[in-house]
Amino acid sequence: MPRKIIIDTDPGQDDAIAILLALASPDELDVLGVTTVAGNIPLALTSRNARVVCELAGKPEVTIFAGCDKPMTRDLLTAEYIHGKTGLDGADLPEPAMPLQDKHGVDFIIDTLRAEPAGMVTLCTLGPMTNVGTAFHRAPDIVEKVAEVVIMGGAYFEVGNVTPAAEFNIYVDPEAADIVLKSGCSIVMQSLDITHKALILPSRLADFRSIGTPVGDAVAGWLDFFERYDMEKYGAEGGPLHDPTVIAYLLKPELFTGRHINVEIETQSQLTLGMTVADWWRVTDRKPNVTFMGTIDADGFYALLIERLARL
Ligand code: BDR
Ligand code: CA
């Protein structure tokens, strides 16, 4: 039976590719719904973009729910400087016709978890964790229903991408991340330590282009646009690809290795706000709460992406 998932996202080119990967894998994954959140760009655009992506995948039946339009206690910080004005710059795609659902994304998360038996629904977070943090805060009874939360966020050895200490998704809403990490759920974290080992090299970009379908062309266009900022910033041969590592973990966990360790979120310090303080070397007696990935088989990851996206 396919694993039931909710994708919580702020698309974003890399979010878009993660959604495509999930929709291309119906034997393994049953996407119960997509909840959108403000992050890379404001909520109206992430909600539009999620619909653009589902239509590109030929799946207008996917239910999409707009969630929170700002972090739990802070002002929103966006990242148009990476993703472009629309959040999906790099490919020309039609305005979506499929509807947005009436229900709020947080209510969808709460209602879905309450309706399902415990251990059935996995939450995949690809943006700031505002929707999930709010749902856990408002309805603590759902926490024990969650099978697993698989997060793109944080960093330890790579430290920060938006500040010297913090990764974007955690930095935008550290209070939400803190709630999720302290919830007691089973948690997997795909941090920059992984994604910076999975670079969008020219040969990989060419592989996407050679798929030769509208999906392949859109993905190549997005990646080409999206990686420029990071290539210049890091002086690397290619930019990192973040969010699809969450879905790849569900499809092929053997692509990753990690450690079950304690990870906590800095919510107070101005200097290190949003830092994921990961006890990788197990130097404290703080209780392990996260499987924090440390290695990725990058070739295997890209092979999976190419093979699955070619199915759409
Ligand atoms: C994360 O931030 C966003 O820009 C990406 O979509 C990804 O989720 C990487 O730090
Ligand atoms: Ca994202």
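Given the structure is predicted, the values throughout are model-derived calculations rather than measurements. Start at 1 and go down the list; that is how both ligands and their atoms are numbered.
At least one donor-acceptor pair closer than 3.5 Å links the side chain of Lys145 to the backbone N or O of Leu113. A donor-acceptor pair under 3.5 Å links the side-chain atoms of Asp193 to the main chain of Tyr156, judged by distance alone. Checking side-chain atoms of Tyr302 against main-chain N and O of Ala198 turns up a donor-acceptor pair under 3.5 Å.
To the nearest 10 degrees, the Ca ion (ligand 2) sees OD2 of Asp243 and OD2 of Asp15 at an angle of 70°.
Each of the atoms 3 (C), 4 (O), 6 (O) of ligand 1 lies under 4.0 Å from some heavy atom of His83. The contact set between ligand 1 and Asp14, taken as ligand atoms under 4.0 Å from a residue heavy atom, comprises 5 (C), 6 (O), 7 (C), 8 (O). Within the listing of ligand 1, atoms 1 (C), 7 (C), 8 (O), 9 (C) sit less than 4.0 angstrom from a heavy atom of Met152. Listed by number with element, the atoms of ligand 1 under 4.0 angstrom from any heavy atom of Asn169 are 1 (C), 2 (O), 7 (C), 8 (O).
Leu309 and Leu241 fall within a single hydrophobic cluster, where Ile, Leu, Val, Met, Phe, Trp and Tyr are joined by side-chain heavy atoms under 4.5 Å apart, directly or via other members. Linking ILVMFWY side-chain heavy atoms closer than 4.5 Å, directly or via other members, places Ile296 and Val246 in a single hydrophobic cluster.
Looking at ligand 1, you won't find any N or O of Leu192 less than 3.5 Å from one of its N or O atoms. Taking any N or O of His242, backbone or side chain, none lies under 3.5 Å from an N or O belonging to ligand 1. On a distance-only criterion, Asn40 and ligand 1 share at least one N/O pair closer than 3.5 Å.
At least one N/O/S atom of Leu126, from backbone or side chain, sits under 3.0 Å from the Ca ion (ligand 2).
For atom 1 (C) of ligand 1, the nearest protein heavy atom (residue, atom name, distance) is Glu167 OE2, 3.3 Å. Taking atom 8 (O) of ligand 1 as the reference point, the nearest protein heavy-atom neighbour is Asp243 OD1, 2.7 Å.
Proximity of Asp15 to ligand 1, defined as any heavy-atom pair under 4.0 Å, is confined to the side chain (atoms from C-beta onward). Heavy atoms of Asn161 found under 4.0 angstrom from ligand 1 belong exclusively to the side chain. Looking at Gln13 against ligand 1, nothing comes within 4.0 Å, counting heavy atoms.
In summary, the side chains of Thr195 and Thr245 do not present any donor paired with an acceptor at a separation below 3.5 Å, with no hydrogens or angles considered. Using modelled atom types, one finds a donor on one side chain and an acceptor on the other under 3.5 Å when comparing Thr86 with Asp89.
Side-chain contact check for Ile17 versus Leu21: every heavy-atom pair is 4.5 Å or farther apart. In this structure, Thr295 and Phe256 have side chains that are not in contact, with every pair of non-hydrogen atoms separated by 4.5 Å or more.
The distance from atom CG of Leu100 to atom OG1 of Thr36, rounded to the nearest 0.5 Å, is 6.0 Å.
The N, O or S atom of Asp10 with the smallest distance to the Ca ion (ligand 2) is OD1.
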